[in-house]
**Student:** 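Take this structure first; my questions come after.
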2 protein chains.
Amino acid sequence: MARAGLTTERVVVAAADLADEVGFAHVSLSALARRFGVKDASLYSHVKNLDDLRTRIAFLAGAEMIDRIAEAVAGRAGQDALAAFADAYREYALEHPGRYAATQIRIDQSLAASSPAFARTAEVTYGMLRAYGLDEPDLTDAVRLLRSTFHGYCALEATGAFGASRDVRTSWTRAVAALHVTLEHWPREASTS
Amino acid sequence: MARAGLTTERVVVAAADLADEVGFAHVSLSALARRFGVKDASLYSHVKNLDDLRTRIAFLAGAEMIDRIAEAVAGRAGQDALAAFADAYREYALEHPGRYAATQIRIDQSLAASSPAFARTAEVTYGMLRAYGLDEPDLTDAVRLLRSTFHGYCALEATGAFGASRDVRTSWTRAVAALHVTLEHWPREASTS
DNA sequence: GGTTCTTGCCTAGACGCCCTAGGAAAGACT
DNA sequence: AGTCTTTCCTAGGGCGTCTAGGCAAGAACC
C-alpha cells in the first residue's frame with residue numbers, strides 16, 4: 001500500500017488548517033486521519049497525543065502570527081507602529097480563527113520560555129513601545145493592557161459578541177487610537193494612588 | 001429505588017459548579033451524572049443535549065454576573081462606577097472560571113435577545129457610561145473597548161498568560177484607570193480621521 | 001386505600017473519539 | 001538479495017454522546 005508521507009510538520013499544518021475550518025475545539029485525530037486517508041492510530045507515530053498536537057498548533061500559530069506582525073511593524077514607530085501591530089494582529093485572528101484560538105491555550109511556562117516565537121513576540125512588542133518612553137514596571141502594565149484589548153476584541157468579534165449595528169472595523173480603529181493616547185499620557189508608577 | 005430529585009435547574013447549577021472545578025471544556029454529561037449518582041441517559045429528561053446544557057450554563061452565569069456587577073455599581077457614578085464594574089467583573093471571572101468561560105460561547109443572536117440578563121447587562125453598562133456624556137455611535141465604540149479590555153484581561157489572566165513578575169491586580173487597577181481617562185477624553189465621532 | 005397516570009430514572013445499545021500493543025510491509029542501506 | 005528502520009496497519013479497551021424503550025415511584029383520581 002502506498003504511504004501517505006506523513007511527517008510531524010505536515011500533520012501539524014493540516015491540523016491547523018482543520019482548526020481554521022471547523023474550530024480549534026473540534027480538531028480531532030480521527031478527523032485529521034480521515035483527511036490524510038489514514039487510520040487514526042497512524043498519527044501517533046508523529047504526534048504524542050491530542051494535547052501534544054494542540055500545543056504544536058499553538059506554537060505554529062504563534063510563530064506565524066509574530067512573523068506577520070513583525071513584518072507589519074518593521075520600519076514604523078509610535079502610532080504608526082501601534083496601528084500596524086494591531087491590524088496585523090486582528091487580521092491574523094480573523095483569517096485564522098482556529099490557529100488564533102490555539103494560541104490561547106494554557107502552555108507550560110518553561111516550555112513557552114524555550115520557544116523562539118515567544119522571545120520574538122516580547123522583542124517586537126517591547127520594541128514597538130520604545131517610542132513611548134516607558135520604563136518598568138509601567139512597561140509591563142502597558143503591555144498587559146495592549147494584549148488584553150487586542151485579544152479581548154478579537155475574541156469577542158470572533159464569537160459574534162458584537163452586534164452587527166456598528167461597523168466592527170471602525171470601532172477597532174478607534175480603540176487602537178484610544179490606546180495610543182493612553183500610552184502617550186501613561187501615568188508613571190510614582191503617581192499611582 | 002429512591003429518585004435523585006433532578007430538575008433542569010439543579011442539573012444546570014451542578015454543571016456550572018462542575019465547570020468551575022474542572023473547566024468548562026471538561027464538563028461532560030457522564031461526569032455530571034456520576035455526581036448525581038445517576039446514569040447519564042437520565043439527564044436527557046432535563047436537558048436536551050450537551051450543547052443545550054452549555055447554553056444554559058452560559059445564561060445562568062450571565063445572569064449571576066450581571067447581578068453582582070449591578071450591585072457593585074449601584075449608587076456610584078463616573079470613575080467610581082467604572083472601577084466597581086471592572087472589579088466585580090474580574091472577581092466573578094476569577095471566582096468562577098468555568099461559569100465565566102461559559103459566557104464566552106457563541107450564542108444565537110435571537111436567543112440572546114430574548115434573555116433578561118442580556119437586556120440588564122446592556123442597561124447597567126450604558127448606565128455606567130452615562131456620566132461620560134457620550135452619544136452614539138461613540139457609545140457603542142466605548143462599550144466595545146471596555147468589554148474587550150475586561151474580557152481580554154480576565155481571559156489572559158485565567159490562562160496564566162501573564163508572567164508572575166508583576167502583580168496582576170496592580171496592572172488591572174492601572175488599566176481601569178487608563179480606561180477612565182480614555183472615556184473622559186473620548187474623541188467625538190466627527191473628529192475621527 | 002386502591003387504581004390510574006405521569007414521569008423520573010433505568011437498561012441496552014449504536015456510534016465516535018482517544019490511545020496502546022503488536023504486526024506487516026514499504027523503502028533505505030549494505 | 002538480504003537486513004533494518006520506519007510507516008502504517010489491525011485489534012481492541014475505555015470513555016463520551018445520544019436514542020429507544022421499559023419499569024416503577026409518586027401524584028392524582030376515585
Side-chain angles (χ1 to χ4, degrees), chain A residues 1-60 97-99 101-102 105-108 111, chain B residues 1-60 97-99 101-102 105-108 111:
Chain A
M1 185 179 300
R3 296 194 177 175
L6 302 184
T7 63
T8 301
E9 170 80 15
R10 287 192 61 204
V11 167
V12 173
V13 170
D17 292 343
L18 181 61
D20 285 336
E21 290 166 33
V22 305
F24 182 67
H26 294 105
V27 170
S28 73
L29 286 165
S30 308
L32 197 55
R34 236 172 279 133
R35 175 160 299 207
F36 278 113
V38 145
K39 298 296 170 183
D40 51 352
S42 306
L43 297 177
Y44 287 85
S45 311
H46 307 280
V47 151
K48 259 224 322 283
N49 51 35
L50 184 58
D51 219 61
D52 179 44
L53 176 66
R54 291 209 177 112
T55 305
R56 287 175 188 276
I57 299 176
F59 279 115
L60 171 71
R99 281 170 159 86
I105 62 173
R106 188 174 223 105
I107 294 218
D108 184 63
L111 195 70
Chain B
M1 187 180 298
R3 297 192 176 178
L6 301 184
T7 63
T8 301
E9 170 80 16
R10 287 192 61 204
V11 167
V12 173
V13 170
D17 291 344
L18 182 61
D20 284 336
E21 290 166 33
V22 305
F24 182 66
H26 294 104
V27 169
S28 74
L29 287 164
S30 307
L32 199 54
R34 236 172 279 132
R35 175 158 299 205
F36 277 113
V38 146
K39 298 295 170 185
D40 51 354
S42 306
L43 296 177
Y44 286 85
S45 310
H46 306 282
V47 152
K48 260 221 326 280
N49 51 35
L50 183 60
D51 219 61
D52 179 45
L53 176 66
R54 291 207 177 113
T55 305
R56 287 175 188 274
I57 299 176
F59 279 115
L60 171 70
R99 282 171 160 86
I105 63 173
R106 187 174 223 106
I107 294 219
D108 184 64
L111 196 70

**Student:** Go through the steps to decide whether B:Val12 and B:Phe59 satisfy the test side-chain contact (heavy atoms from CB on, under 4.5 Å), and finish with yes or no.
**Tutor:** CA-CA 10 Å; B:Val12 173; B:Phe59 279 115; over 6 Å; no
**Student:** Listed in order of residue number, which residues of residues 26-37 of chain A have a non-hydrogen atom at under 4.0 Å from DNA chain C?
**Tutor:** A:Ser28, A:Leu29, A:Ser30, A:Arg34
**Student:** How about A:Asp17 and A:Arg99: do any of their side-chain heavy atoms sit closer than 4.5 Å?
**Tutor:** yes
**Student:** Given atom CG of A:Leu6 and atom P of C:dA26, what is their separation to the nearest angstrom?
**Tutor:** 16 Å
**Student:** Is any side-chain heavy atom of B:His46 closer than 4.5 Å to one of B:Arg56?
**Tutor:** no
**Student:** Using atom types as modelled and distance alone, determine if a side-chain donor or acceptor of B:Arg10 lies under 3.5 Å from a backbone N or O of B:Gly5.
**Tutor:** yes
**Student:** Check the distance between D:dT10's P and A:Asp40's CG and give it to me in whole angstrom.
**Tutor:** 11 Å
**Student:** At what distance, to the nearest 0.5 angstrom, does OG of B:Ser30 lie from NZ of B:Lys39?
**Tutor:** 11.0 Å
**Student:** Side-chain contact test, heavy atoms from C-beta onward, threshold under 4.5 Å: evaluate it for A:Leu111 versus A:Thr55 and give yes or no.
**Tutor:** yes
**Student:** Going by the rule side chain to side chain donor-acceptor pair (under 3.5 Å), which residues pair with A:Asn49 if we only count those two or more places apart in sequence or in a different chain?
**Tutor:** none
**Student:** Nearest of C:dC9, D:dA20, D:dT10 to any side-chain atom of B:Ala41?
**Tutor:** D:dA20
**Student:** Among residues 43-60 of chain B, which ones have heavy-atom contacts with DNA chain C below 4.0 Å?
**Tutor:** B:Ser45, B:His46
**Student:** Does some side-chain heavy atom of B:Leu32 sit less than 4.5 Å from a side-chain heavy atom of B:Leu53?
**Tutor:** yes
**Student:** A:Arg10 has an atom CZ; how far is it from atom C1' of D:dT7, in whole Å?
**Tutor:** 13 Å
